[in-house]
Engineer: 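Have a look at this one before I ask anything.
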Amino acid sequence: MKELLEVIAKSLVDHPDEVEVTEKESGKTLVLELKVAPSDMGKVIGKQGRIAKAIRSVIKAAATKEDIKVVVDIIQ
């Protein structure tokens with residue numbers, strides 16, 4: 001999951017070297033925290049959060065295939 005989120009985020013931003021993804025296990029839930037450069041925050045979130053929602057949908061679909069619950073947090 002972590003690698004998939006990294007690939008998606010790096011393809012969207014202007015500074016792919018500043019993309020960081022950290023994993024945290026919380027019970028049966030996997031929390032992925034995505035951190036990007038401040039200037040790239042809008043590109044990852046998108047208008048009205050559409051890109052962020054699409055990213056979460058793709059990750060959720062991949063997680064369903066592996067039978068785990070994943071939460072994607074975009075942090076600064």
Side-chain angles (χ1 to χ4, degrees):
M1 291 302 127
K2 181 179 176 180
E3 296 81 19
L4 176 60
L5 183 57
E6 277 183 18
V7 168
I8 293 171
K10 285 182 180 182
S11 68
L12 293 171
V13 298
D14 288 334
H15 306 285
D17 50 309
E18 294 188 40
V19 172
E20 292 179 35
V21 178
T22 55
E23 283 183 324
K24 293 182 181 177
E25 287 243 10
S26 160
K28 292 184 177 182
T29 304
L30 179 64
V31 179
L32 295 175
E33 292 182 343
L34 173 63
K35 187 174 183 180
V36 296
S39 61
D40 288 330
M41 193 61 74
K43 290 184 173 95
V44 173
I45 296 173
K47 286 188 179 179
Q48 298 180 347
R50 287 186 183 147
I51 294 175
K53 189 174 180 180
I55 291 171
R56 289 185 176 114
S57 295
V58 169
I59 298 295
K60 187 175 180 180
T64 303
K65 204 171 186 181
E66 295 183 18
D67 201 31
I68 55 175
K69 187 173 188 309
V70 177
V71 176
V72 176
D73 286 336
I74 301 170
I75 58 172
Q76 282 189 341

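Values below: every heavy atom of this structure, side chains too, minus hydrogens, waters and symmetry copies. Numbering starts at 1 and runs along the sequence shown.
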Engineer: Do L4 and I59 have side chains that approach each other closer than 4.5 Å (heavy atoms only, starting at C-beta)?
Structural biologist: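 Of all side-chain heavy-atom pairs linking I59 with L4, at least one is under 4.5 Å.
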Engineer: So which atom in R56 and which in D73 form the shortest heavy-atom distance, rounded to 0.1 Å?
Structural biologist: NH2-CA, 4.5 Å
Engineer: Please find the pair of heavy atoms, one from M41 and one from I75, that lie closest to each other, and give the distance.
Structural biologist: CE-O, 3.5 Å
Engineer: Are V31 and I8 joined in one hydrophobic group, where the rule is that I, L, V, M, F, W and Y side chains link up if heavy atoms are under 4.5 Å apart?
Structural biologist: no
Engineer: Would you please name every residue forming a side chain to side chain contact (heavy atoms under 4.5 Å, CB included) with V7, sequence neighbours left out?
Structural biologist: none
Engineer: Taking C-beta and beyond as the side chain, do R50 and I45 meet within less than 4.5 Å on heavy atoms?
Structural biologist: no
Engineer: Quick one: do L5 and V71 end up in the same hydrophobic cluster if we chain Ile, Leu, Val, Met, Phe, Trp and Tyr together by side-chain heavy atoms under 4.5 Å apart?
Structural biologist: no
Engineer: To check you understand the geometry: which heavy-atom pair defines the closest contact between I55 and V44, and what is its length?
Structural biologist: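 Heavy atoms of I55 and V44 come nearest at CD1-O, 4.0 Å.
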Engineer: Going by side chain to side chain contact (heavy atoms under 4.5 Å, CB included), V70 matches just one of K60, M1, K2. Which one?
Structural biologist: M1
Engineer: Test: side chain to side chain donor-acceptor pair (under 3.5 Å). Region: residues 61-72. Which pairs qualify, not counting sequence neighbours?
Structural biologist: none
Engineer: Measuring from E6:CD to L32:CG, what's the distance to the nearest 0.5 Å?
Structural biologist: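 If we round to the nearest 0.5 Å, E6:CD and L32:CG are 9.5 Å apart.
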Engineer: Count I, L, V, M, F, W, Y as connected when their side-chain heavy atoms are under 4.5 Å apart, and connections chain through other members. Are V58 and V72 then in the same cluster?
Structural biologist: yes
Engineer: Pair up each side-chain donor or acceptor in residues 12-30 with any protein partner under 3.5 Å, not counting sequence neighbours, and list the distances.
Structural biologist:
| residue | atom | partner | partner atom | Å |
| --- | --- | --- | --- | --- |
| D14 | OD2 | K43 | NZ | 2.6 |
| T22 | OG1 | E33 | OE1 | 3.4 |
| K24 | NZ | E33 | OE2 | 3.4 |

